[in-house]
There are 2 protein chains.
Amino acid sequence: MQQHLVDDFITGLTTVTTVDSARELFTKTLHCLDVGHYAYLGLRFRNAGPRGKPFFITTYPQPWVEHYDNNNYLQIDPVMQDAPSRSTPMHWGTREHRKQMSPRQKRFLNEAAEMGLCQGAAIPIHAAGGEFGLVSVAVDATPRQFDTMMRTHQHQLHLISLYYHAHVAEKFISNESPKVSVTTRERECLLWSALGKSSWEISEILTISEATVNFHMQNAMRKLEVYSRPHAIVKAVMMGIISP
Amino acid sequence: MQQHLVDDFITGLTTVTTVDSARELFTKTLHCLDVGHYAYLGLRFRNAGPRGKPFFITTYPQPWVEHYDNNNYLQIDPVMQDAPSRSTPMHWGTREHRKQMSPRQKRFLNEAAEMGLCQGAAIPIHAAGGEFGLVSVAVDATPRQFDTMMRTHQHQLHLISLYYHAHVAEKFISNESPKVSVTTRERECLLWSALGKSSWEISEILTISEATVNFHMQNAMRKLEVYSRPHAIVKAVMMGIISP
DNA sequence: TTGGGTGCTAGCAGAACTGATAGGTTGCCT
DNA sequence: AGGCAACCTATCAGTTCTGCTAGCACCCAA
């Protein structure tokens, strides 16, 4: 196992300044690991909010990407179905993996194989603040070759993907600054509300009047630019203001 | 870099059946990496809910653990402050790390050093479902020794911690089964409410009456065993029913 | 010491939500 | 066909939340 590859990548990341140069470094490093094609998908960045635009780059064949988009394969792709709920890498397109697939998914995998994407590995990445990333690599190889390749390279692939995502997420986040400063009382009210308490109950807990609790919730909602408690709480959790 | 150590650990995990035997394997493997003391903290397991009891094991010296507890050092410990918001490993107790510490934190680090916990590494682990784990290792060594050790062992330590947490989390989760089955409409109502829509707005979106939206929210709340929308949404997000 | 800013406290009308009740549709089993 | 369960649709009284207004305490700078 070439440890220097991982270390060089990490060192390299500290020197790059743009998202593009980070991508180049990532592509070059994966190339050293004999990865033919890869796709990186960054979702749910902390301040991207609900339904935030995903961050997506790929070296998959262009025809396949278009075919994938046109047929809305995001809904079928077994990797997209399973990976987000996993914490460790998974292999797809292998004999065992195919066994558990539905007919539609088998068709999907066959179509991918025709494009030279026979099998591969998917690395789910869960980072701080609920950020999620996914690195999927594909190779055109025999099962035996793939097996050997994973045995020698999987851990490096894993680490490199992890650090890459952490770096991209950081860059992505640093650009947006929420700057919402809620007061102590406001945060307390948000938290108790998130835990199911009504205004009256919160007033008893904090020993203030119900009207005051409502006032604090008002201000919290105004600061968060929302117009209902449910939304305020969701946004507060998203932004790390409260963690129930 | 001894790849076999990581692979053996992963293989070993698939054979263990109890949480205790997993811990033993973990301890033994870390011992091979010259780790003197370690602590593992598992928090926020998916179904543990708000304020869930943490899962904690450690080989730190007993006097230190007691001293830590008695003085409520959880609030001061710089590792506990920083690690959860990081996505990659960090080193603590080093010269650079100490520079950024407050006087109280410096005192804390000095007390730790007196117990033989001079410096170490902390590995934050973010897994599926918002689970969070932290592996902190400490060594009684010179800065130079520590540096060498990290250069050769950090990646293995990282991978081993990752797989260990994933395994423990899975065991931890499988024991509790939420078994809450919300219907399509209920899920839709929860999601739109989480995005700030009122009952009337949701009724327009789904082209049903406002009363019907309220009814679906009712049922969702009953199934989730809560008595307000904010709480229902928080719980639904926690349980992975909706992801705004 | 005086003014301005910030945060906490509080009350009230109108809109939104909670909880209970009931009819209608679909699909499944007998 | 009939019975049954699950789900969706809808209504209404009582409670809670939203939006607005206003006073009070504290800190800090002029």
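Throughout, protein chains are lettered first and strands after them, A, B, ... in sequence-line order, and every chain is numbered starting at 1.
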Output all residues satisfying salt bridge (Lys or Arg N to Asp or Glu O under 4.0 Å) with B:Lys223, sequence neighbours left out; order by chain, then residue number.
B:Glu186
Regarding B:Arg185 and B:Glu188, does a basic nitrogen lie under 4.0 Å from an acidic carboxylate oxygen?
yes
Between P of C:dG24 and CZ of B:Arg185, the distance in whole Å:
19 Å
Whole Å only: how far is the CG atom of A:Leu206 from the P atom of C:dC8?
11 Å
Grab the N/O contacts between the protein and nucleotides 24-29 of chain D below 3.5 Å, and write none if there aren't any.
none

Just N and O in the side chain of B:Thr184: are any of them under 4.0 Å from OP1 or OP2 of D:dC7?
no
Check the distance between D:dC17's C1' and A:Glu201's CD and give it to me in whole angstrom.
14 Å
Is the distance from the ring center of B:Tyr40 to that of B:Phe56 below 6.0 Å?
no
Under the side-chain hydrogen bond (donor to acceptor under 3.5 Å, both in side chains) criterion, do B:Thr88 and B:Arg86 qualify, and how do the steps go?
CA-CA 6 Å; B:Thr88 49; B:Arg86 292 181 51 98; 3.3 Å; yes
Please verify the inter-ring angle class for A:Phe108 with A:Trp64; under 30° counts as parallel, over 60° as perpendicular, anything in between as tilted.
tilted
Taking atom C1' of D:dA6 as reference, at what distance in whole Å does atom CZ of B:Arg222 sit?
12 Å
How would you summarise protein contacts on nucleotides 10-22 of chain C per nucleotide, using B for base, S for sugar-phosphate only and - for none, with heavy-atom distances below 4.0 Å?
BB-----SBB-BB
Do the ring planes of A:Phe146 and A:His91 sit parallel (below 30°), tilted (30 to 60°) or perpendicular (above 60°)?
perpendicular
Flag yes if more than 12 heavy atoms outside A:Tyr227 fall under 6.0 Å of its OH atom; otherwise flag no.
no
Report the distance from atom CD1 of B:Ile202 to atom C1' of D:dC8, rounded to the nearest whole Å.
16 Å
From CD of A:Glu204 over to P of C:dT9, roughly how many Å is that when rounded to an integer?
14 Å
Hey, does the side chain of B:Asn71 reach the backbone of B:Tyr73 with a donor-acceptor pair shorter than 3.5 angstrom?
no
